[in-house]
Trainee: 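Handing you a structure now.
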Amino acid sequence: MYRIGKEEIAAVTKVIESGQLFRVGNPAEGHLGECDHFEQEWARKIGSEYALLMCGGGTAALVCALAGIGIGPGDEVIVPAYTWLATATSVLTVGGIPVLAEVDETMALDPIDFERKIGPNTKAVIPVHMVGRPANLEAIISIARKHHLKVVEDSCQMVGGSYKGKRTGSWGDAGAFSFNWFKIISCGEGGALVTNDRNIYEIASIYSDSGSAFRPKAVELQVPIFVAQQYRADEIMGAVMRVQMHRLDGILADLRTTRRRYEEALSGIPGVHVAPSNDPEGDCGVVLMLQFDEPERASAFVGTCPISGCLGIDHGKHVYTNWTPLLEKRIMHHPDMNPFHFQQNQGLRMNYSDESCPKTLQLLRRTFFITMNPDWTGDELESGTIAVRSALEKV
Ligand SMILES: Cc1ncc(COP(=O)(O)O)c(C=O)c1O
C-alpha cells in the first residue's frame with residue numbers, strides 16, 4: 001500500500017453518513033452501492049466481464065475461483081513452490097490436493113516442470129505473479145489447454161500489471177487479487193475475483209455469500225443455490241477501493257519509472273544481473289529483482305545493502321520449506337475435515353518434503369530484490385542507486 005489520503009476519508013465519511021454500511025441495499029430503491037460500483041469498475045479495468053469484491057481477501061477470491069471451476073476431493077492442483085502459502089491452502093479448503101512445482105529464473109511457475117508434474121488426477125494450475133512480475137502465461141495456458149486443465153491466476157501480488165498488453169487476472173479461467181495492507185492498492189483487507197465465465201461467476205458468488213438465497217440477484221442465478229461461506233465485503237471497503245482504483249495507474253507509472261532508473265544504474269556489474277522477466281513492460285515495478293551467479297555473494301550483499309527494503313528471498317513465509325502446517329498436513333480443525341484424510345484423495349501426490357523442489361531453493365539462494373518506492377524524490381533515487389551500485393561492486 002503506497003498512497004492513501006483525504007479522498008478515501010471523504011469516501012468513507014459519505015458511506016457512514018448514508019447509514020448504509022451493508023452491501024446489500026433495498027432493491028426497491030434501485031440501490032447500487034459502493035461494492036456494486038467497484039465490481040463493475042474493476043471488471044472493466046482488468047478486462048473481464050465479472051468481478052466480485054470479497055472481504056476475505058485474496059485467499060477468499062482463490063477459494064471462490066477454485067470452487068467456481070469445480071475443484072473438490074479427488075483433484076490435484078499444481079502450484080508453484082515459491083508463493084504465499086494461501087495459494088496452496090486454498091486448494092485444500094475446497095477439498096483438493098496441491099502439488100508443488102518448480103519456479104524458473106523468472107521466479108514464477110516453470111512451464112517445463114508444470115507440464116512434467118501433470119498427472120491423471122490433475123485438474124487445474126495456479127500460476128502466481130509474485131512481487132508484481134508476470135508468470136509465463138502463454139506457455140502455461142497453452143500447456144493447460146493441451147491437458148484440459150483449468151487456470152486460476154493468483155494475481156494477489158500483481159494488481160493492475162499486465163502480460164503482453166493484457167492485465168494479469170484476465171488471462172485464465174479466473175483471476176484472484178488481494179487488497180490487503182501489503183498490496184499495491186488496499187482497503188486494509190479485501191480481494192477480488194475476475195472471470196469471463198458466467199458459471200464460474202455464479203458459483204463463486206454463491207460460495208462467497210451465505211445469504212445468497214435471500215438476495216435480490218438470486219432470481220437471476222442459473223446455478224442452484226448452495227450454502228457456503230461468508231466472504232462479503234462491506235460498503236466502507238467498496239468506497240475505499242473505488243478511490244484506490246483511481247490511484248492505481250499513477251502508482252504503477254511511478255513504480256515502473258523508479259524500477260527502470262534502478263535497472264539502468266545497476267547494469268553491467270560482473271556476476272550479478274537483473275532476473276529475467278516474462279514481460280518487463282507489464283511488470284508492476286514493485287521490486288527490482290537481481291540474481292547473482294553465486295549464492296554466497298547474494299547473502300553477503302543483502303547483509304551490507306545500504307538501503308532498506310533489500311531482501312534475500314531464500315527464507316521466510318513465501319518458501320515452501322517454511323509452510324510447516326502444510327508440510328505436516330495439519331489442515332482444518334477436525335481430522336475428518338482434513339482433505340489429506342479424504343478417501344477420494346488417497347493415491348494423490350501428497351508427500352511434501354524439503355527436497356520437493358530443489359531448483360526453486362537454488363534459485364532463491366541466488367536471488368534478491370530491492371523494494372521500490374514510487375514516492376522517492378529524484379535526490380533519493382540518485383543517492384540510493386549510487387550507494388547500492390557501490391555496495392554491489394564490493395561483494
Ligand atoms: C501470492 C499471494 N496469494 C494469495 C494471497 C492471499 O491474499 P489475502 O491475504 O488478501 O488473503 C497473498 C497475500 O499476501 C499473496 O501474496
Trainee: Within a 6.0 Å radius of atom CD on Q346, are there more than 12 heavy atoms belonging to other residues, nucleotides or ligands?
Mentor: yes
Trainee: Can we say R167 and D279 salt-bridge, meaning some charged N sits less than 4.0 Å from an Asp/Glu carboxylate O?
Mentor: no
Trainee: Could you grab the distance from atom CZ of F214 to atom CD1 of I225, nearest 0.5 Å is fine?
Mentor: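 Answer rounded to 0.5 Å: 8.5 Å.
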Trainee: Can you find a side-chain donor-acceptor pair between K14 and S18 that sits under 3.5 Å?
Mentor: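 No, no side-chain donor-acceptor contact under 3.5 Å.
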Trainee: Is it true that a side-chain atom of H147 and a backbone atom of L149 form a donor plus acceptor pair closer than 3.5 Å?
Mentor: no
Trainee: Tell me whether the rings of F179 and W42 are parallel (<30°), tilted (30 to 60°) or perpendicular (>60°).
Mentor: perpendicular
Trainee: Please check this pair: side chain of D234 against backbone of R23, looking for a donor-acceptor N/O pair closer than 3.5 Å.
Mentor: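 The answer is no, because no donor-acceptor pair under 3.5 Å joins these two groups.
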Trainee: Just checking, any donor-acceptor pair under 3.5 angstrom between side chains of T106 and D104?
Mentor: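 The criterion, which ignores hydrogens and geometry beyond distance, is satisfied for D104 and T106.
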Trainee: Is M289 reachable from V395 through a run of I, L, V, M, F, W or Y residues, each pair having side-chain heavy atoms under 4.5 Å apart?
Mentor: yes
Trainee: Ignoring hydrogens and angles, tell me if any N or O in the side chain of Y163 forms a donor-acceptor pair with the backbone of E138 under 3.5 Å.
Mentor: yes
Trainee: Roughly how far, to the nearest 0.5 Å, is the CZ atom of R133 from the OG atom of S277?
Mentor: 5.0 Å
Trainee: Going by an N to O cut-off under 4.0 Å, is there a salt bridge joining K359 and D113?
Mentor: no
Trainee: Measuring from atom OG of S308 to atom CG of N373, what distance do you get when rounded to the nearest 0.5 angstrom?
Mentor: 8.5 Å
Trainee: Of all heavy-atom pairs between R261 and L381, which one has the smallest distance, and what is that distance?
Mentor: NH1-CD1, 3.7 Å
Trainee: Got more than 12 heavy atoms from elsewhere within 6.0 Å of CD, E281?
Mentor: no
Trainee: Classify the side-chain pair K217/S212 by whether it contains a donor and acceptor separated by less than 3.5 Å.
Mentor: no
Trainee: Verify, without hydrogens or angle tests, whether E235 (side chain) and M237 (backbone) share a donor-acceptor contact under 3.5 angstrom.
Mentor: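 Side chain of E235 to backbone of M237: no pair is present.
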Trainee: Any side-chain heavy atom of F368 within less than 4.5 Å of one from L311?
Mentor: no
Trainee: With rounding to the nearest 0.5 Å, note down the distance linking CD1 in I251 to CD1 in I184.
Mentor: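 The CD1 atom of I251 sits 8.0 Å away from the CD1 atom of I184.
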Trainee: Does the pair R198/E49 count as a salt bridge with the N-to-O cut at 4.0 Å?
Mentor: no
Trainee: Restricting to non-hydrogen atoms, name the atom on A86 and the atom on T59 that form the minimum distance, rounded to 0.1 Å.
Mentor: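 Taking A86 first and T59 second, the nearest heavy atoms are CB-OG1, 3.5 Å.
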Trainee: Have Q244 and E8 got a donor and an acceptor in their side chains that come within less than 3.5 Å?
Mentor: yes
Trainee: Quick one: does I140's side chain get under 4.5 Å of V125's, heavy atoms only?
Mentor: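 Yes - at least one pair of side-chain heavy atoms lies under 4.5 Å apart.
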Trainee: Taking it one step at a time, do K394 and S390 satisfy side-chain hydrogen bond (donor to acceptor under 3.5 Å, both in side chains)?
Mentor: CA-CA 6 Å; K394 284 190 196 121; S390 150; 3.2 Å; yes
Trainee: Heavy atoms only: give me the nearest K329-N338 pair and the separation to one decimal.
Mentor: O-ND2, 2.9 Å
Trainee: If you count every heavy atom of other residues, nucleotides or ligands that lies below 6.0 Å from L21 atom CG, does the total exceed 12?
Mentor: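 Check passes, neighbour count above 12.
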Trainee: Do E7 and H246 have side-chain atoms, one donor and one acceptor, less than 3.5 Å apart?
Mentor: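 No, because no side-chain N or O of E7 sits under 3.5 Å from a partner of the opposite role on H246.
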Trainee: Are the charged groups of R260 and E264 less than 4.0 angstrom apart, N to O?
Mentor: no
Trainee: Counting C-beta onward and ignoring hydrogens, is there a side-chain heavy-atom pair between L252 and V159 closer than 4.5 Å?
Mentor: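 Answer no - side chains too far apart.
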Trainee: Please check if the side chain of T195 supplies one atom and the backbone of A174 the other of a donor-acceptor pair under 3.5 Å.
Mentor: no
Trainee: Is the backbone of P335 close enough, under 3.5 Å, to the side chain of H341 for a donor and an acceptor to pair up by distance?
Mentor: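 Between the backbone of P335 and the side chain of H341 there is a qualifying donor-acceptor contact (under 3.5 Å).
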Trainee: Any side-chain to backbone donor/acceptor pair from R389 onto A265? Under 3.5 Å, distance only.
Mentor: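 Pair found, side chain donor or acceptor close to backbone of A265.
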Trainee: Salt bridge between E294 and R366, side-chain N to carboxylate O under 4.0 Å?
Mentor: no
Trainee: Nearest heavy-atom pair of I126 and P80: which atoms, and what distance?
Mentor: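 Closest pair (atom of I126, atom of P80, distance): O-CD, 3.2 Å.
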Trainee: Among R259, M372, R3, exactly one meets side-chain contact (heavy atoms from CB on, under 4.5 Å) together with D254. Which residue is that?
Mentor: R3
Trainee: Can you check side-chain hydrogen bond (donor to acceptor under 3.5 Å, both in side chains) on D154 and T87, steps first, answer last?
Mentor: CA-CA 7 Å; D154 182 338; T87 314; 2.8 Å; yes
Trainee: Taking the side chain as every heavy atom from C-beta outward, state whether R215 and D209 have any pair of such atoms under 4.5 Å apart.
Mentor: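 Sidechains of D209 and R215: in contact.
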Trainee: A cation-pi test, strictly: NZ or CZ of K317 under 6.0 Å from the centre of the six-membered ring of W323 and no more than 45 degrees from its axis. Yes or no?
Mentor: no
Trainee: What distance separates C35 SG from M54 CE, expressed to the nearest 0.5 Å?
Mentor: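 If we round to the nearest 0.5 Å, C35:SG and M54:CE are 11.0 Å apart.
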Trainee: Looking only at heavy atoms, which two atoms of N322 and G316 are closest? And how far apart?
Mentor: ND2-O, 2.7 Å
Trainee: Report yes or no: do S170 and S48 form a side-chain donor-acceptor pair below 3.5 Å?
Mentor: no
Trainee: Less than 4.5 Å apart, any side-chain heavy atom of F301 and any of F292?
Mentor: yes
Trainee: For K150, does the NZ atom have more than 12 heavy-atom neighbours from other residues, nucleotides or ligands under 6.0 Å away?
Mentor: no
Trainee: Is there a donor-acceptor contact under 3.5 Å from the side chain of E202 to the main chain of V223?
Mentor: yes
Trainee: F182 and W84: aromatic ring centres closer than 6.0 Å?
Mentor: no
Trainee: Looking at K123 and E76, is any side-chain nitrogen of the basic one under 4.0 Å from a carboxylate oxygen of the acidic one?
Mentor: no
Trainee: Got E153 and H129 here, is their nearest side-chain heavy-atom distance under 4.5 Å?
Mentor: yes
Trainee: Any side-chain heavy atom of T360 sitting closer than 4.5 Å to one from V319?
Mentor: no
Trainee: What is the minimum heavy-atom distance between D75 and G70, and which atoms define it?
Mentor: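 Heavy atoms of D75 and G70 come nearest at OD2-O, 3.7 Å.
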Trainee: So do the side chains of V79 and L100 get within less than 4.5 Å of each other, counting heavy atoms only?
Mentor: yes
Trainee: Please report the interatomic distance CZ(F340) to CD(E328), rounded to the nearest 0.5 Å.
Mentor: 11.5 Å
